[in-house]
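Everything below concerns the one structure shown next.
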Amino acid sequence: MANGDAPGDGATGNAAGGSSDEAAWQDLVARFDAPAPEAGDGTAPWPEREDLAGPEPSPPEPGSESGPEPDSGPLPAAPEPASAPGSPGPGSGPRDSHAPEDPDDEHYVPPEPPPLPKLNPATKLAWFALFGGPAYLLICTVVGWHVSGLAAFLCVAAFIGGFAALVIRMDNGGPRDSGPGDGAVV
């Protein structure tokens with residue numbers, strides 16, 4: 001890089017495209033903050049072949065690469081299908097008809113869920129202890145009652161005991177003696 005040559009300058013071996021790439025880059029940088037061309041001044045911000053077809057598309061210029069040949073003429077109209085007696089007229093289909101308004105058809109009504117399983121008394125006691133101990137302490141604090149040390153100890157013990165009882169009674173899936181590699185439990 002002697003004599004201030006820049007990479008891609010053309011002097012370092014990339015003579016074919018280095019200077020044109022740099023010129024194109026400089027042109028892009030120069031036009032970065034330029035305002036976009038208005039629609040009325042004849043220049044489009046994108047090629048005409050990318051315009052969406054409107055109700056009356058403009059004919060392509062003679063000699064352009066896009067569009068049909070100028071002497072091809074209009075496209076033939078599609079034949080109208082014959083309508084059966086009693087059917088809606090031409091141009092109407094299943095999307096054109098409206099279903100009758102029935103409020104039962106508009107909303108999904110899920111089936112009735114199965115009843116909850118019955119809890120045995122030990123599980124009920126564990127849930128009561130889990131929530132009852134902290135609830136008693138919270139109520140006493142809000143109301144301003146004095147809680148003795150024994151009552152506070154029993155509330156904390158009930159919470160811990162209820163939590164432990166529920167964890168121990170959890171079902172862990174299938175039997176543990178089935179051995180390794182028995183596959184997924186469904």
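Being a predicted model, the structure only gives us computed values, none of them experimental.
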For residues 144-152, run the donor-acceptor check on the side chains, cut-off 3.5 Å, and write out each pair with its distance to 0.1 Å, sequence neighbours left out.
residue: Ser148; atom: OG; partner: Ala151; partner atom: N; Å: 3.3

Output a table of donor-acceptor pairs, distance under 3.5 Å, between side-chain atoms of residues 125-142 and any protein atom two or more places apart or on a different chain; print 'none' if there are none.
residue: Thr141; atom: OG1; partner: Leu137; partner atom: O; Å: 2.8

| task | Dump the intermediate steps for side chain to side chain contact (heavy atoms under 4.5 Å, CB included) on Lys118 and Thr123, then the final yes or no. | result | CA-CA 10 Å; Lys118 298 291 183 187; Thr123 305; over 6 Å; no
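Looking only at side-chain heavy atoms (C-beta outward), Gln26 and Asp21 stay at 4.5 Å or farther from each other.
The cluster map of Ile, Leu, Val, Met, Phe, Trp and Tyr, joined by side-chain heavy atoms under 4.5 Å apart, puts Trp25 and Phe32 in different clusters.
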